[in-house]
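Report on the following structure.
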Amino acid sequence: KVISKLYPERELGLYREITKLNEEFLKGVAEELLNYLVSEEKLKGEFVLLIPPFGERDRGEAEVEGILRELLSKGLSVKEASKEAARRTGLPRREIYKQALKLLSNGN
């Protein structure tokens, strides 16, 4: 649930019962994987979660998102949070502002 909130569009891999007779590999976003496991009652066994490394673009977006979440949770306005995140990261304030609005519109 935490991963689906932080990275809702991040593709993950999940092995269940790896190297065993009933080995299963699933691929999808965190919410899809969780829904499948719960609906199929497959929450028993050993699991290996594969999270691919962030690319440079992903890393920047993830870093900015974390900073924005921190600042917004402290009560800063979108404008103030964007300005501070731009100062911390050196990225354009306009792009960060757009990301902040998207973050808020997703209910995060």
How far apart are the closest heavy atoms of [X] and [Y], and which atoms are they?
| X | Y | answer |
| --- | --- | --- |
| R69 | K5 | NH2-O, 3.2 Å |
| G28 | E32 | CA-OE1, 3.4 Å |
| A85 | L68 | CB-CD2, 4.1 Å |
| A81 | L72 | CB-CD2, 3.8 Å |

If we ignore hydrogens and angles and just use 3.5 Å, is the side chain of [X] paired with the main-chain N or O of [Y] as donor and acceptor?
| X | Y | value |
| --- | --- | --- |
| R10 | P52 | yes |
| E17 | E46 | yes |
| E95 | P92 | no |

Do [X] and [Y] sit in the same hydrophobic cluster, where Ile, Leu, Val, Met, Phe, Trp and Tyr count as joined when their side-chain heavy atoms come under 4.5 Å apart?
| X | Y | value |
| --- | --- | --- |
| L37 | I3 | yes |
| L50 | V29 | no |
| L91 | L103 | yes |
| F47 | Y36 | yes |

Supply the atom-to-atom distance [X] [atom1] to [Y] [atom2], rounded to the nearest 0.5 angstrom.
| X | Y | atom1 | atom2 | result |
| --- | --- | --- | --- | --- |
| N35 | S4 | CG | OG | 8.5 Å |
| L76 | E70 | CG | CD | 9.5 Å |
| R88 | I96 | CZ | CD1 | 10.5 Å |
| L26 | L49 | CG | CG | 11.0 Å |
| L104 | Q99 | CG | CD | 11.0 Å |

What verdict does the salt bridge (charged side-chain N to carboxylate O under 4.0 Å, His left out) test give for E23 and K20, after you've listed the backbone C-alpha separation in whole Å, the side-chain angles of each residue and the deciding distance to 0.1 Å? CA-CA 5 Å; E23 179 178 308; K20 296 185 180 163; over 6 Å; no
Check this for me: does any side-chain nitrogen of one of E84 and K74 sit under 4.0 Å from a carboxylate oxygen of the other? no
Does E31 CD have over 12 foreign heavy atoms under 6.0 Å away? no
Would you please test L14 and V48 for side chain to side chain contact (heavy atoms under 4.5 Å, CB included) and show each step? CA-CA 6 Å; L14 181 70; V48 175; over 6 Å; no
Check step by step if salt bridge (charged side-chain N to carboxylate O under 4.0 Å, His left out) holds for K83 and E80. CA-CA 5 Å; K83 184 177 178 180; E80 294 167 329; over 6 Å; no
List the steps, then state whether side chain to side chain contact (heavy atoms under 4.5 Å, CB included) holds for L12 with L33. CA-CA 8 Å; L12 307 171; L33 296 176; 3.9 Å; yes
Show the numbers, then the answer: is there a side chain to side chain contact (heavy atoms under 4.5 Å, CB included) between V78 and S82? CA-CA 6 Å; V78 172; S82 300; 4.0 Å; yes
